[in-house]
Amino acid sequence: MKTQIKNLLELQNIDLQIESLLLKEKEIPKQKEKLRIQEKKLRQEIEDSEKHHKKLVLDQRECERQIAQLQEQIKKYNNQLQAVKKNEEYQALLREIDEVKKQIGLKEEEQIKIMLEMDEANLFFLEAKKRIETEIQQLKKQEEQIDKELQEVIQERKGLEQKKLDFQRLVSVELLNHYLRVKQRRKTGPVVVPLRDEICSGCFMQILPQVVNEIMASEKIHTCRHCGRILYYADLIDAQETVIVPKD
Ligand SMILES: [Zn+2]
């Protein structure tokens, strides 16, 4: 019976390791999700910067178009000047021309401002692009590392699953079925637990003295009537000879 419990504990140990590895397998891809969000933000930064630059180009073109239009207007007025006879009309036209020239001056100032801004935006864009590309490369490396880690965890789990099959063969069918039943019900955590001062260390409920005696004598496999976990007497197991290790 002691050997049975020992083997079952080994099996449980493997199961708990598998459980924690499965948890890791679920958690690891979430890290990648975080990296993807970071990458998306960085790409958005480039995109925004490009958009800003494109807007400035359009603004600049619009300025150019307006200036050309105003210059066209001046040409028209100049032509009209040739045909004008009255001095008043002549003066009025000259004032119009002055007004348009002022407008051109303002537009040209605006254009210079836009061009300076474009230079700045261009510089910013190039720097940002360089920085972001490096950052994205680093993210990709991290992603590869995560993939590698995940593969290692999966490999380790598969190895344990193989080992688990070997240990299952060393436990009696009855005990194994009981173990599997409780395990299925409890989903996580240990199913085989030590008795501690007449208390089940799984649910911390008192165990009947008669049952305690039987467990200590290692006569029968007992389960906790409160939580259903399989109980064993730790001192007895520790004093026992080494576990039978299944062949590879
Ligand atoms: Zn219990």
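Just so you know, these numbers use all the heavy atoms, side chains as well, and skip hydrogens, waters and symmetry mates. Remember, it's 1-based here, ligands and their atoms both numbered in the order they're listed.
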Angle subtended at the Zn ion (ligand 1) by SG of Cys200 and SG of Cys203, nearest 10°: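 The SG/SG angle about the Zn ion (ligand 1) sits at 110°.
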
How wide is the angle at the Zn ion (ligand 1) between SG in Cys227 and SG in Cys224, to the nearest 10°?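 That angle is 110°.
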
Taking atom types as modelled, find out whether [X] and [Y] have a side-chain donor-acceptor pair closer than 3.5 angstrom.
X      : Y      : answer
Gln142 : Gln138 : no
Gln66  : Glu62  : yes
Asp48  : Gln44  : yes

Taking Glu161 first and then Lys164, would you say they form a salt bridge - that is, a charged N and a carboxylate O separated by under 4.0 Å?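 Salt bridge absent between Glu161 and Lys164.
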
The Zn ion (ligand 1) to nearest N/O/S of His226 less than 2.8 Å: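 Under 2.8 Å: His226 has no N, O or S contact with the Zn ion (ligand 1).
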
